[in-house]
Amino acid sequence: STYNEPHRPQIHFSPEAHWMNDPNGMVFFNNQYHLFYQYYPDSTVWGPMHWGHATSKDLIHWQNLPIALYPDSLGYIFSGSAVVDINNTSGFGKNGKAPLVAIFTHHDPKGEKSGSNTFQNQSLAYSLDEGITWKKYDSNPVLKNPGIKDFRDPKVSWFEPDKKWIMTLATLNDITFYSSKDLKDWTKESEFGQKLGAHGGVWECPDLFPLTYNGQKIWVLIVNINPGGPNGGSATQYFTGNFDGHTFTPNQTNTKWLDYGPDEYAGITWSNTGSRKIFLGWMSNWQYANVVPTEKWRSATTVPRELGIEKVGQQFLVTSKPVSELSTLAAAPVAIKNIKARKFDVTAKAGKMEGPFRLELSADKLESYSITFSNKLDENVVVGFDKAANEYYIDRTRSGKVDFEKGFAKRHTAPRFSSRQSEKMTLIVDNASIELFADNGRSTMTAIFFPHEVYSNIQIKSTSNLNIKSLVLTKLKRIWK
Ligand code: FRU
């Protein structure tokens, strides 16, 4: 049957076959979450980009739908966003029906080859039937390239105070904001970022939205970057500050990352979900995405994550947690209380974990510890906290198939931010991935791996006498029929 191949994610979205990268056009509309994605239907490596399409009622179970957007004479369909144009500002609506409007980058491969600098332009398409069929606007592109080689990934949102649309666009190594009353005619507002943040690569796939901290509106600007991530390759950084409809003013001087692991990229949030902000990333890294050892398809998304904001010292930190809807997959949990040990064989106590599961650990005292997930071939992934370094880590050095890329077999780290002396960690484990959410979602990491056999054994170790208050293991039912 389908979705049963080796390494196939069981609780994460992946296309049934062929290549996928960035999530695109995520929008909530008429009780459905739409997910479009960078898709190449003819191969398992990157190629001429289309927008694939799937929908979900609960962010967890997905229905695959026909391809939404095909390449055309203006080029490939690169990343972008979608909005519900409730007031029909675009005029694409008909008979009182609000259109779904997609704003995406047309990437002209011929222009790129010829050495021109204007081969990426922003275009529109609209749908009047819930995103099933799309019509491209006949005056595309709507935002022409002024001569910036990397000019892409428009994320559009409604700015209510000025009754206008704001486009956040990645422009080489900064962000340019544009505004429009009708989604067709765009005016440049400002640029941001030349002097702030990480600049080890090209800026891509931005997002801009407010979160609320103690009644105060804090604007978050997400900027994906490739390469130049904290653990190598592609990663998601963000800025916090204020946005007044024209300019983004940061309230930070340091660089911040939404996910420190190697395998969350191109992550942005759903449109039209009110004050709830739900983030989804592509679970891979451009360093090796094209060569990972899967046969029928390549890549999956992360679990959808609910974003929050907290203040630690003088810093605003964006927190990530798996959406609560994930619990609809939960089977009977096994709870173990008050473990005091240097070494604890979880499997001996709770049985083998085959297939996806959630692990929740809490401890009253902050100590170093490690959790080893392994199979009988002794391949493993080790997740833990190092108290001296004050960092979390995921070590996939001996995780199984690693030789498809020489930088893959590595230990990756993430700082811990709070001074809180207790510990809470949640891990979401699927056949080919681990997502770590620790310290109330302030430290987040995602890593993929490819064992010859799924890991089903769990061992906890500590150099001191770790005192685990509770350990809860919950099997998660697979999402595919
Ligand atoms: C990010 C990205 C985008 C681009 C798309 C092309 O992963 O490089 O900048 O629009 O992928 O597939």
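Small disclaimer: the values here were computed from a predicted structure and weren't measured. Indexing begins at 1, ligand by ligand and atom by atom, following the structure's order.
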Taking 4.0 angstrom as the limit and counting only heavy atoms of Asp153, give me the atoms of ligand 1 inside it, by number and element. 3 (C), 4 (C), 9 (O), 10 (O)
Taking distance alone, with no angle check, do Tyr265 and ligand 1 share an N/O pair under 3.5 Å? no
Over-ring placement of Lys401 relative to Phe450, 6.0 Å and 45° cut-offs: no
Show which atoms of ligand 1 fall inside a sub-4.0 Å distance from at least one heavy-atom site of Ser79. 5 (C), 10 (O)
Are the charged groups of Glu5 and Arg298 less than 4.0 angstrom apart, N to O? no
For Trp219, the option from Phe316, Phe209, Phe243, Phe177 that meets ring pair (Phe, Tyr, Trp, His ring centres under 6.0 Å): Phe243
Nearest-neighbour protein heavy atom for atom 8 (O) of ligand 1, which is reported as residue plus atom name and distance: Glu204 OE2, 2.9 Å
Flag this pair as yes if the NZ/CZ of Arg152 is under 6.0 angstrom from the six-membered ring centre of Phe78 and inside a 45 degree cone about the axis; otherwise no. no
Decide whether a cation-pi geometry holds between Arg442 and Phe417; the criteria are a distance under 6.0 Å from NZ or CZ to the six-membered ring centre and an angle within 45° of the ring axis. no
Can you tell me if Thr105 has a non-hydrogen atom under 4.0 Å from ligand 1? no
Does Lys406 qualify as a cation-pi partner of Tyr288, given the criterion of NZ or CZ under 6.0 Å from the six-membered ring centre and within 45 degrees of its axis? no
Mark up the atoms of ligand 1 that fall under 4.0 Å of a heavy atom belonging to Arg152, in ascending order. 3 (C), 4 (C), 9 (O), 10 (O)
Hey, which atoms in ligand 1 end up nearer than 4.0 Å to a heavy atom of Phe78? 4 (C), 6 (C), 10 (O)
Give the atoms of ligand 1, by number and element, whose distance to some non-hydrogen atom of Met49 is under 4.0 Å. 12 (O)
Winner among Asn224, Asp22, Asn226 once heavy atoms are compared against atom 11 (O) of ligand 1: Asp22
Polar-atom distance check: Trp282 versus ligand 1, any N or O pair below 3.5 Å? no
Here's one to test your reading of the geometry: is the NZ or CZ of Arg416 within 45 degrees of the ring axis of Tyr392 and under 6.0 Å from its centre? no
May I ask you to list the atoms of ligand 1 that are less than 4.0 angstrom from any heavy atom of Gln38? 5 (C), 6 (C), 12 (O)
Under the 6.0 Å and 45° cation-pi test, does Arg396 pair with Phe408? yes
